[in-house]
There are 2 protein chains.
Amino acid sequence: MALQNIETRLSGEPLDGRKGRHALSVGEVAADSRFDRRLAKLLHHAAHIFCEKGYEGASMRDLSRAAGMSLAGLYHYFESKEDLLYLIQKHTFRTIIERLQERLKESRDAEERVRIFIENHLEYFLANKEAMKVLTHEDETLKNGRGAEIRAIKREYYKICLDLLEDLRREKGLQFSGRLAVLGLFGMINWIYTWHNPRVDLDAGAMAEEMSNLFLRGVLNPGKTKRKIAKTNA
Amino acid sequence: MALQNIETRLSGEPLDGRKGRHALSVGEVAADSRFDRRLAKLLHHAAHIFCEKGYEGASMRDLSRAAGMSLAGLYHYFESKEDLLYLIQKHTFRTIIERLQERLKESRDAEERVRIFIENHLEYFLANKEAMKVLTHEDETLKNGRGAEIRAIKREYYKICLDLLEDLRREKGLQFSGRLAVLGLFGMINWIYTWHNPRVDLDAGAMAEEMSNLFLRGVLNPGKTKRKIAKTNA
DNA sequence: TTAAGTATCGAACGAACGTTCGGTAACCTT
DNA sequence: AAGGTTACCGAACGTTCGTTCGATACTTAA
């Protein structure tokens with residue numbers, strides 16, 4: 001946990017000292033303070049509201065109501081609405097990557113590692129639907145410094161997946177476009193937030209297995225499917 | 001074309017007569033009037049802006065600027081901002097379905113028909129990226145009557161795809177969840193708007209072939225991939 | 001040429017927005 | 001008990017929002 005509310009350090013802004021107070025020196029861990037715990041709850045409420053109404057459509061007054069705190073009081077915990085989205089996205093993304101790294105230690109087998117990637121993604125996704133929807137749906141919302149930082153984390157995640165797939169390709173001596181495979185896979189597993197219904201659909205583990213099978217058969221099998229008949233027009 | 005600006009006829013609203021003027025009797029076609037042509041251009045500008053800033057983030061003043069028309073003047077062509085989004089989504093969705101129906105007449109082969117579905121989707125998607133992103137991204141934005149109408153069209157599209165896949169499954173005697181397959185496929189092909197770059201990526205036809213191969217191999221091949229080793233924890 | 005309809009506009013409305021300010025209450029340390 | 005820090009609040013500020021209104025130009029048909 002530990003929201004690591006270390007100074008956001010964005011682009012130009014000289015950070016007037018009013019809100020950067022709670023910064024911890026980087027090494028120091030300073031176990032969840034009262035402040036951090038309250039902030040975490042606020043982020044949870046905020047994720048719920050952003051998920052429901054979208055970032056632009058949600059108002060700070062909505063959050064104030066949901067959190068049972070005055071509008072002004074909110075600003076004790078973060079700089080701005082934009083900062084709020086940034087904190088949610090960063091924490092969510094960092095957590096999912098952290099867990100993935102941990103789980104990847106369990107296996108050296110290329111195919112198994114791809115399965116671990118998918119399972120980790122889906123498990124976290126379905127256990128944290130709201131935050132994950134905010135991460136996924138408000139992908140291009142943040143601009144400038146905060147946006148660049150989130151985009152960097154996203155590239156890191158992309159790169160991990162790409163490497164896993166290229167390891168697999170090398171090991172099995174296959175031929176496919178890594179980029180297309182990664183993005184096709186991401187599509188399948190990120191799209192879930194638009195339709196998954198816990199009362200109808202499989203749970204995370206079973207879903208991960210199904211999707212892994214679908215994807216891996218598509219990638220592993222030789223291109224023996226019918227070729228399209230050449231069309232005369234265009 | 002022909003935006004079929006036939007009376008929107010929403011839920012309760014008695015339609016006070018002020019804006020429903022341009023309604024055409026349903027049968028009548030009334031080739032693109034001056035009004036319809038201007039409206040089509042406005043919808044195009046609106047799609048561009050909604051695409052760039054999101055529905056909530058975009059303002060009518062943005063549209064006014066982009067269209068080179070006064071703020072008040074816009075309301076000559078539609079009832080409200082919500083109506084604008086509705087018109088864009090409806091026209092886009094109806095067009096893609098219409099084209100699909102046309103193309104499906106070309107083949108009776110189950111696999112080929114799935115390929116046609118994917119190709120039609122991607123071709124239209126990449127040729128109308130902005131409108132398709134608005135359709136995809138602002139999926140849950142519309143409420144009440146307009147929202148219900150769009151959701152109905154979406155279900156229709158889903159059903160077409162599901163039927164195609166179940167025909168394929170029957171023909172080949174396979175076993176897979178139609179729902180999972182459809183939604184996995186939709187994920188792959190809708191996610192594209194988040195990453196496709198015409199300077200880097202394949203064009204629609206080639207992309208459709210790649211994605212068709214990936215998906216169809218995943219669906220058609222027997223479940224011969226490695227089973228996950230049972231885990232001890234959880 | 002005129003009259004009716006269509007297209008467009010400037011200006012304004014009330015509501016909602018994100019954020020700030022000065023102050024008060026609660027808490028912690030000594 | 002005192003004094004400093006942290007937590008929180010009511011009220012307001014300036015801005016922007018979607019939408020409306022009354023008036024003016026343009027187009028068309030008689």
Side-chain angles (χ1 to χ4, degrees), chain A residues 5 13 15-24 30 32-43 45-46 49-50 53-87 138 141-144 146, chain B residues 5 13 15-24 30 32-42 45-46 49-50 53-88 138 141-144 146:
Chain A
N5 180 37
E13 307 172 7
L15 173 64
D16 58 19
R18 237 188 58 80
K19 202 52 75 34
R21 265 174 307 179
H22 308 279
L24 308 173
D32 302 335
S33 64
R34 178 189 177 75
F35 179 92
D36 279 344
R37 265 179 285 122
R38 195 88 175 87
L39 174 56
K41 281 197 179 157
L42 286 178
L43 293 185
H45 284 300
I49 287 170
F50 287 165
K53 317 182 123 187
Y55 173 75
E56 302 275 4
S59 77
M60 296 303 283
R61 283 162 180 86
D62 290 331
L63 176 57
S64 148
R65 209 170 305 120
M69 180 183 293
S70 77
L71 187 55
L74 297 173
Y75 286 84
H76 186 62
Y77 291 94
F78 41 82
E79 287 189 340
S80 62
K81 189 185 178 187
E82 202 193 348
D83 195 33
L84 195 48
L85 178 58
Y86 163 78
L87 291 173
E138 307 296 346
T141 307
L142 288 175
K143 306 291 180 199
N144 306 323
R146 282 185 261 250
Chain B
N5 181 38
E13 307 172 6
L15 172 64
D16 58 20
R18 237 187 56 79
K19 201 52 76 33
R21 266 175 306 179
H22 306 280
L24 308 174
D32 303 334
S33 65
R34 180 191 178 73
F35 179 91
D36 279 345
R37 266 179 283 121
R38 196 88 175 87
L39 174 56
K41 281 196 179 158
L42 286 178
H45 283 300
I49 287 170
F50 287 165
K53 317 183 123 185
Y55 172 75
E56 301 276 3
S59 77
M60 296 303 283
R61 283 160 181 86
D62 290 331
L63 175 57
S64 148
R65 209 171 304 120
M69 179 183 291
S70 77
L71 186 54
L74 296 174
Y75 286 84
H76 185 62
Y77 292 94
F78 40 83
E79 287 189 341
S80 62
K81 189 186 179 188
E82 203 193 348
D83 194 34
L84 195 48
L85 177 58
Y86 164 78
L87 291 174
I88 293 171
E138 307 297 345
T141 306
L142 287 175
K143 306 291 181 198
N144 306 324
R146 283 185 261 251

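First the proteins, then the strands, lettered A, B, ... as listed; each starts at 1. Just so it is clear, the values below take in all heavy atoms, side chains as well, and ignore hydrogens, waters and symmetry mates. Quick caveat, the model's predicted, so the values are computed rather than measured.
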Student: When you measure from the side chain of A:A72, which nucleotide among C:dG18, C:dC9, D:dG10 comes out closest?
Tutor: D:dG10
Student: Quickly work out the B:Y75 OH to C:dC9 C1' distance and round it to whole Å.
Tutor: 15 Å
Student: Nearest whole angstrom, please: distance from the P of C:dC17 to the OH of A:Y55.
Tutor: 13 Å
Student: Answer yes or no: is there an ion pair linking B:R146 with B:E79, defined by an N-O contact shorter than 4.0 Å?
Tutor: yes
Student: Got a sec? Which of residues 58-68 of chain B come in under 4.0 Å of DNA chain D, heavy atoms?
Tutor: B:A58, B:S59, B:M60, B:R61
Student: Quick check for you: among C:dA12, C:dG10, D:dA7, whose closest atom lies nearest to any side-chain atom of B:L71?
Tutor: C:dA12
Student: Can you find a pair of side-chain heavy atoms, one from A:M69 and one from A:R38, that are under 4.5 Å apart?
Tutor: yes
Student: Give a yes or no answer on whether the side chain of A:K81 reaches the backbone of A:S59 with a donor-acceptor pair at less than 3.5 Å.
Tutor: no
Student: I need the OH-C1' distance between B:Y77 and D:dT19, as an integer number of Å.
Tutor: 18 Å
Student: How many angstroms lie between CE in B:M60 and OG in B:S80, if you round to the nearest 0.5 Å?
Tutor: 8.0 Å
Student: Rounded to the Å, how far apart are A:L74 CG and D:dG10 C1'?
Tutor: 14 Å
Student: What integer distance in Å separates A:F35:CZ from C:dC27:P?
Tutor: 18 Å
Student: Find the distance B:E56:CD to C:dA16:P and express it as a whole number of Å.
Tutor: 14 Å
Student: Could you check how far CG of B:L42 sits from P of C:dT8, rounded to whole Å?
Tutor: 8 Å
Student: Expressed as a whole number of angstroms, how long is the span from B:R34:CZ to D:dT27:P?
Tutor: 7 Å
Student: As a test of reading the structure: which of D:dC9, D:dA7, D:dT19 is closest to the side chain of B:S80, going by heavy atoms?
Tutor: D:dT19
Student: Once Watson-Crick and G-U wobble pairs under 3.5 Å are found, how is DNA chain D written in dot-bracket notation, 5' to 3', with | for any base paired to another strand?
Tutor: |..|||||||||||||||||||||||||||
Student: Given D:dC8, is OP1 or OP2 found less than 4.0 Å from the side-chain N or O atoms of A:H76?
Tutor: no
